[in-house]
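For reference, the structure discussed in these notes is given below.
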Protein chains: 2
Amino acid sequence: MDDGHIPSSSQSPWLPFESRRRARDEKREAVLRTAVALFLEQGYHGATLNEVARQLNITKPALYNYFRGKDEILYECWSIGNELVDDCIAETSASTGSGLSKLRKLIVRYAELMTEDYGKSLVRFDLRDLSEDNRKIVQTAKRHIDRAFRDYIAQGVEDGSVKPCDAKLAAFAIAGSLNWIGHWFQPGGEMTGRAVAEEFAIRLTEGIATTATRKTAQKAAVPAAEKADKPPRNGNAPREDESEHHTRTAARAAGQSKRARGRLR
Amino acid sequence: MDDGHIPSSSQSPWLPFESRRRARDEKREAVLRTAVALFLEQGYHGATLNEVARQLNITKPALYNYFRGKDEILYECWSIGNELVDDCIAETSASTGSGLSKLRKLIVRYAELMTEDYGKSLVRFDLRDLSEDNRKIVQTAKRHIDRAFRDYIAQGVEDGSVKPCDAKLAAFAIAGSLNWIGHWFQPGGEMTGRAVAEEFAIRLTEGIATTATRKTAQKAAVPAAEKADKPPRNGNAPREDESEHHTRTAARAAGQSKRARGRLR
DNA sequence: CCCGTATATTACCCATGGGTAACAAATAGT
DNA sequence: ACTATTTGTTACCCATGGGTAATATACGGG
C-alpha cells in the first residue's frame with residue numbers, strides 16, 4: 001500500500017526540500033497534469049485529492065490555493081483538452097483543400113489527441129461531475145466539435161470529394177471511432193499515437209470518399225479536388241517531441257485563456 | 001426536490017398497497033431495470049440506492065434481499081447486456097454467408113443493442129466500480145466481443161468479401177462507432193434504434209467491402225459470396241415490440257444464468 | 001530588521017450514502 | 001391456527017473524502 005511511487009523528480013516542482021519557488025502557473029499546470037493522469041487511471045470518483053497532493057509532495061489544502069474544488073480541477077483538465085481541439089479545428093479550417101482533405105486533416109489531429117491525457121479527458125470524463133455552469137460550457141463546446149466534422153463532410157459532398165451521405169450520421173460514426181481511441185489506446189503498445197491517427201484517417205474516410213485511397217488494388221487517379229491534399233508536410237519528422245509538445249501547449253493554455261484563476265479571495 | 005416522479009404503475013411490482021406477491025425474479029429484474037436506467041441517467045456515483053428503492057416503492061435495505069451491494073447491481077446490469085451481446089454473436093456465428101455478411105449482421109444487432117439501456121450499460125459503466133472478480137469477468141467478455149468482430153473481418157478478407165486490412169484496427173474503428181451510439185442515442189429522436197443500426201451497418205462496412213453497397217451511383221453487381229446476405233428478414237415488421245422484447249429477454253436472463261442469487265445467508 | 005503577502009501545514013468539520021442490526025408483517029406449509 | 005421463512009421496515013453505524021479554519025513558514029520590499 002505504501003509503495004510510495006515518488007514522482008520522478010523532473011515531474012513535481014515541489015521537491016521535498018529544495019528551492020520550491022516556481023511560478024504559480026507552473027504549479028497550477030503540475031496539479032492538472034497529475035490530476036488528469038490520476039483521474040484517467042482511477043476514475044474521477046476513485047481518485048482523491050489527497051492522492052493528487054501526495055504525488056506532488058504537498059497536502060490537500062494546498063490545492064485550494066489554485067482551485068476552488070475538485071470539480072473545478074476536472075473542468076480545467078477538460079478545458080485544456082478542449083483548447084487543443086479548438087486549435088486543431090482552427091488550423092484545419094484555415095487550410096485550403098477539398099472537404100475530404102480537411103476532414104482527413106482533422107481526423108489525424110483529433111485522433112492523435114485522443115492518445116494523450118488531455119485529449120482523453122474530453123471523452124472519458126462525465127459531464128455530470130461538473131458544476132451547472134461548466135457543464136453548459138462543455139456541452140456547447142461539444143456541439144462545436146461536432147459541427148466541424150459535419151461541416152467538412154457537407155463541404156466535401158458539395159465539392160464532390162465526398163459521396164452524398166447523411167452528414168450527421170457520418171459525423172457520429174467518425175467521431176465515435178475517434179473518441180473510442182481515448183478508451184483503448186495505451187502508450188507503449190504496438191503502434192504510436194500518430195500511426196493510429198494516420199491509419200484511422202484513411203480507414204474512416206474510405207467509405208465516403210469518392211476516390212480510392214489505398215495502395216491496394218486500384219491505383220486511384222487523383223481527382224481535381226484532391227490536388228491540395230498533402231503538401232510534403234514535415235515528411236518523417238524527428239518524431240516524439242511529445243514531452244515538449246505537452247509543456248508548450250500547457251504553458252500557452254495557462255498563460256492566456258479565460259479560465260478561472262483560483263483563490264480570488 | 002420532492003417532485004415525486006412515481007413510476008408509472010405498470011413498472012413496479014411493489015404497488016403501494018396492493019397484492020405485492022410477485023415472483024422473486026420479477027422483483028430482481030424490476031430492481032435492475034430501475035437501476036440501469038438511473039445509473040445511465042445520473043451516473044453510477046450520482047445515483048443512490050435510496051433513489052433506486054424509492055422509485056420502486058420500497059426502502060433501501062429491501063434491495064439487500066436481492067443483491068449483496070451496489071456494485072453487484074452494477075455488475076448484474078452489465079451482465080444482462082452481455083448476455084444479449086452473446087446472443088447476437090451466437091446467432092451471427094451460426095448463420096451462413098460471407099465474412100462481410102456476418103460482420104454486417106453483427107453490426108446491425110449490436111448497434112440496436114446500443115440504443116437500449118442494457119446495451120448502453122456495456123459501454124457507459126466504469127470497470128473500476130466493479131469488484132476485482134467481476135472486473136476480470138467483464139474484461140474477458142470484452143475480449144470475446146472484440147474477437148468476434150476481428151474474426152468476421154479476417155474471415156471476410158479470406159473469402160474475398162472484405163478488402164485486405166488490419167483486422168485489429170478495423171475492428172476497433174467499427175466497434176468504436178458502435179459503442180459511441182450508446183453515448184449519444186436518445187430514444188425519441190429523429191431516428192429509431194433500428195434505423196440507426198441499419199444505416200451504420202452500411203456506413204461502417206462501406207470502406208472495407210470489396211463491393212459497393214449503396215443505391216447511389218454504381219449498381220453493385222452482387223457477388224457470389226453475398227447471395228445469402230439478406231433473406232427477406234421480417235420486411236417491415238410491426239415495429240416497436242420493444243417493451244415485450246425487454247421483458248422477454250430479461251426474463252430469460254434471470255431464469256438461467258449463473259449470476260449470484262443474492263442473500264445466500 | 002520588520003511586515004505584508006503568498007503558500008503550505010496541521011487539525012478539524014461534516015454531509016453523504018453504502019451497509020447492517022433488530023424487528024415487523026406478510027406468506028406458505030402442515 | 002401455529003410456525004418457519006421470506007421480505008419488508010425503522011433506526012442506526014461509520015468510513016470516506018471534500019472542504020475549511022487557524023496557524024506556521026518562506027520571501028520580497030522598504
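Chain naming here is simple, since letters A, B, ... match the order of the sequence lines and numbering starts at 1 in each. Since this is a predicted model, take the numbers as computed values, not measurements.
When rounded to the nearest whole Å, the span between CD1 of A:Ile73 and C1' of D:dG17 equals 13 Å. Here the P atom of nucleotide D:dT20 and the CG atom of A:Leu63 are 13 Å apart, to the nearest Å. As rounded to whole Å, 16 Å separates atom C1' of C:dT7 from atom CD of A:Glu26. The CD1-P distance, from B:Ile58 to D:dT6, rounds to 18 Å in whole Å. In this structure, the CZ atom of B:Arg28 is 15 Å from the P atom of D:dT6, given to the nearest Å. If you take CZ of B:Arg24 and P of C:dT27, they are 16 Å apart, rounded to a whole angstrom. The nearest whole Å value for the distance from the CG atom in A:Asn57 to the P atom in C:dT7 is 18 Å. Remark: P of D:dT9 and CZ of B:Arg54 are 14 Å apart, rounded to the nearest angstrom.
A heavy-atom distance below 4.5 Å is not found between the side chains of A:Pro187 and A:Thr115. A:Lys27 has its side chain out of reach of A:Leu56: every pair of non-hydrogen atoms, C-beta onward, lies at least 4.5 Å apart. Taking the side chain as every heavy atom from C-beta outward, A:Lys120 and A:His183 never approach each other to under 4.5 Å.
When atom types are taken as modelled, the side chain of A:Arg124 and the backbone of A:Leu40 share a donor-acceptor pair closer than 3.5 angstrom.
By the 30° and 60° cut-offs, the orientation of the rings of B:Phe39 relative to B:Phe125 is perpendicular.
Between the CE atom in B:Met114 and the CH2 atom in B:Trp184 there is a gap of 12.5 Å [rounded to 0.5 Å].
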**OP:** Using a 4.0 Å cut-off on protein heavy atoms (strictly under), produce a 5'-to-3' string for nucleotides 18-24 of chain C with B for base contact, S for backbone-only sugar-phosphate contact, and - for none.
**Re:** BBB----
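In this structure, B:Asn65 reaches the D:dG8 phosphate: one of its side-chain N or O atoms is under 4.0 Å from OP1 or OP2. Here B:Thr59 reaches the OP1 or OP2 of D:dT9: one of its side-chain N or O atoms lies under 4.0 Å away.
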Considering only nitrogen or oxygen atoms on both sides, find all protein atoms under 3.5 Å from nucleotides 3-5 of chain C and state each distance.
none

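Between A:Thr92 and A:Arg109, the shortest heavy-atom distance links the atoms OG1-CD, 4.0 Å.
Applying side-chain contact (heavy atoms from CB on, under 4.5 Å) to A:Tyr110 and the options A:Ile181, A:Val85, A:Leu84 leaves one that passes, A:Val85.
Not less than 6.0 angstrom separates the ring centroid of B:Trp180 from the ring centroid of A:Phe172.
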